[in-house]
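First up is the structure itself, then whatever we jot down about it.
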Amino acid sequence: MSAKILDGAALAQSIRADVAQRTAKLAAAGRAPGLAVILVGDDPGSTIYVRHKVKDCEEAGIRSTLDRLPASTAQQQLLARIRELNEDDTVDGILVQLPLPPQIDPFTVIETISPAKDVDGFHVASAGALMTGQPGFLPCTPYGVMRLLAHAGARLRGAEAVVVGRSNIVGKPQAMLLLQADATVTICHSRTRDLAVHTRRADVLVAAVGRARMITGDMIKPGAIVVDVGMNRDESGRLCGDVDFESASRVASWITPVPGGVGPMTRAMLLVNTVEAAERKQESSDGN
Ligand code: NDP
């Protein structure tokens, strides 16, 4: 068997085109959506991510601003800037690029962002909304994974879904979304006793670990849909996922490549959340 490729780059492109249409509508009504991005310090990875986000916004017709603060920024100073942006009517979404320098507590920072502008979906209010099935912003990566699964025609109701990884930004919200879609969900982590026993039962397998090629073909159920969130460098410095693509693609029915799978979807879903934030604001002001 040779798996079909779940092409995140192509799907992301069509999502971005849809966002651009929604943005144009808002702009025609007098207010294009706005995203405020804050980068503290000059971590090379973060700098590249932020550059991508700003460029994506530009292409989708979303106004974006970038605050570049020095690595020595005091927490109070960052919180004060976030409060200003919370009050700024031209700003629909606020994104603080993580990780932050050691003197700043990321939890406090995220909690200071208004939940109405939490387009990363990391605020406790957003996590609580997801947990209880209320409307809120979904974290971009698991949101993108759900769109990929829909694109592959995955039948999630009653399916065995296994998520490897339990971080607050990927694994846990991913598991919750799969549960909402009526899958039977197992979450694995570093203390899971026999990982392969679980992964081999999965009709849908999502790997979000951060270990190069740790999921091999023999750990995958024939015909499974495999989504690889991992972004790692192998021994030769090449970008690769958590899944060993070569052996896994001989067993799975669908598989995401790395790069070109989940990564572009994560970027696209930030735009979706931002336009959504602007639409919600417009609806609430129309209703007043
Ligand atoms: P974290 O480091 O926060 O979480 C990793 C998880 O993997 C933890 O829950 C950990 O378990 C678990 N884990 C570690 N080792 C094992 C093991 N041997 N067996 C089973 N589980 C294990 O990472 P993130 O969730 O932030 O990211 C995961 C990966 O996804 C990374 O490669 C990251 O770069 C990538 N990523 C990609 C994105 C994209 O857009 N493509 C977006 C976000 C992340 P425990 O909790 O017990 O420590």
Side-chain angles (χ1 to χ4, degrees), residues 5-13 15-16 43-46 48-53 56 95-100 106-107 110 119-122 127 130 137-149 161-178 185-202 205-216 218-220 226-235 237-245 248 255-273:
I5 301 295
L6 243 179
D7 186 345
L11 182 58
Q13 197 177 346
I15 290 172
R16 287 198 305 268
D43 174 75
S46 296
I48 293 171
Y49 284 140
V50 160
R51 202 185 302 144
H52 284 157
K53 287 169 186 174
D56 289 348
L95 183 151
V96 180
Q97 184 65 41
L98 302 177
L100 290 162
F107 188 77
I110 291 165
V119 288
D120 252 343
F122 295 164
L130 170 58
F137 291 109
L138 300 175
C140 299
T141 300
Y143 192 6
V145 170
M146 295 310 283
R147 294 289 289 263
L148 281 165
L149 291 173
V162 174
V163 179
V164 190
R166 57 173 166 180
S167 71
N168 288 333
I169 62 168
V170 190
K172 280 187 213 161
Q174 187 68 70
M176 203 50 65
L177 284 169
L178 289 162
V185 183
T186 304
I187 307 175
C188 301
H189 45 80
S190 68
R191 305 301 166 101
T192 296
R193 224 178 288 138
D194 189 347
L195 183 62
V197 164
H198 299 284
T199 58
R200 276 190 205 118
R201 283 193 299 106
L205 178 61
V206 180
V209 181
R211 283 172 156 241
R213 301 193 184 104
M214 71 169 288
I215 311 271
T216 45
D218 59 316
M219 297 168 74
I220 294 170
V226 177
V227 179
D228 189 354
V229 177
M231 283 203 302
N232 315 294
R233 297 270 166 200
D234 67 10
E235 322 73 50
R238 261 196 12 207
L239 191 63
C240 71
D242 292 340
V243 176
D244 177 44
F245 185 86
I255 189 167
T256 57
V258 178
V262 175
M265 292 298 292
T266 298
R267 284 170 61 177
M269 300 324 282
L270 173 66
L271 305 176
V272 171
N273 278 348

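What you see below is based on every heavy atom in this structure, not just the backbone, and it leaves out hydrogens, waters and symmetry mates. Whatever order the structure lists them in is the order used to number ligands and atoms, beginning at 1.
Between atom CG of residue L195 and atom SG of residue C188 there is a gap of 5.0 Å, rounded to the nearest 0.5 Å. Interatomic distance, CG of D228 versus CD1 of I255, reported as 7.0 Å (0.5 Å rounding). Atom CE of residue M265 and atom CE of residue M146 lie 11.5 Å apart, to the nearest 0.5 angstrom. Considering CG of L205 and CE of M219, their distance stands at 8.0 Å, rounded to 0.5 Å.
Scanning the protein heavy atoms around atom 40 (O) of ligand 1, the nearest turns out to be T266 OG1, 2.8 Å. With hydrogens left out, the protein atom closest to atom 21 (N) of ligand 1 is H189 C, 3.1 Å, a heavy atom. Regarding atom 34 (O) of ligand 1, its nearest protein heavy-atom neighbour is M231 O, 3.6 Å. With respect to atom 35 (C) of ligand 1, the closest heavy atom belonging to the protein is V229 O, 3.5 Å. Considering only non-hydrogen protein atoms, atom 42 (C) of ligand 1 sits nearest to T141 OG1, 3.2 Å. Atom 27 (O) of ligand 1 has its closest protein heavy atom at V170 CG2, 4.4 Å. Protein heavy atom at the shortest distance from atom 24 (P) of ligand 1 is S167 OG, 3.7 Å.
An N or O contact shorter than 3.5 Å links R166 to ligand 1 by distance.
Ligand 1 lies within reach of M214, whose nearest heavy atom is under 4.0 Å from it.
Looking at S190, G261, P139, G165, it is S190 that brings a heavy atom closest to atom 48 (O) of ligand 1. Looking at G171, C188, G210, it is G210 that brings a heavy atom closest to atom 29 (C) of ligand 1. The heavy atom nearest to atom 13 (N) of ligand 1, out of those in V163, V209, V227, N168, is found in V209.
Distances below 4.0 Å separate heavy atoms of V164 from the following atoms of ligand 1: 20 (C), 21 (N). Atoms of ligand 1 lying under 4.0 Å from at least one heavy atom of N232, given by number and element, are 32 (O). Each of the atoms 40 (O), 41 (N) of ligand 1 lies under 4.0 Å from some heavy atom of G263. Heavy-atom contacts of A208 reach the following atoms of ligand 1: 5 (C), 6 (C), 7 (O), 28 (C) (cutoff under 4.0 Å).
By the criterion of a heavy-atom distance under 4.0 Å, the side chain of I169, and not its backbone, is placed next to ligand 1. Counting heavy atoms closer than 4.0 Å to ligand 1, residue M265 contributes nothing at all.
Shown are L6, V170, L148; of these, the side chain to side chain contact (heavy atoms under 4.5 Å, CB included) with V262 is made only by L148. F245 pairs in a side chain to side chain contact (heavy atoms under 4.5 Å, CB included) with only one of the listed residues (I215, V258, I5), which is I5.
Between R213 and D234, at least one side-chain nitrogen of the basic residue sits less than 4.0 Å from a carboxylate oxygen of the acidic one, meeting the salt-bridge criterion.
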message: For V164 and T199: C-alpha separation, side-chain torsions, deciding distance, then whether side chain to side chain contact (heavy atoms under 4.5 Å, CB included) applies.
response: CA-CA 8 Å; V164 190; T199 58; 4.1 Å; yes
- request: Using the side chain to side chain contact (heavy atoms under 4.5 Å, CB included) rule, take I169 and F122 through it: C-alpha gap first, then chi angles, then the decisive distance, then the call.
  value: CA-CA 7 Å; I169 62 168; F122 295 164; 3.3 Å; yes
task: Show your reasoning for whether side chain to side chain contact (heavy atoms under 4.5 Å, CB included) applies to V163 and K172.
output: CA-CA 8 Å; V163 179; K172 280 187 213 161; over 6 Å; no
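Heavy-atom minimum distance, F137 versus N273: CE2-O, 3.4 Å.
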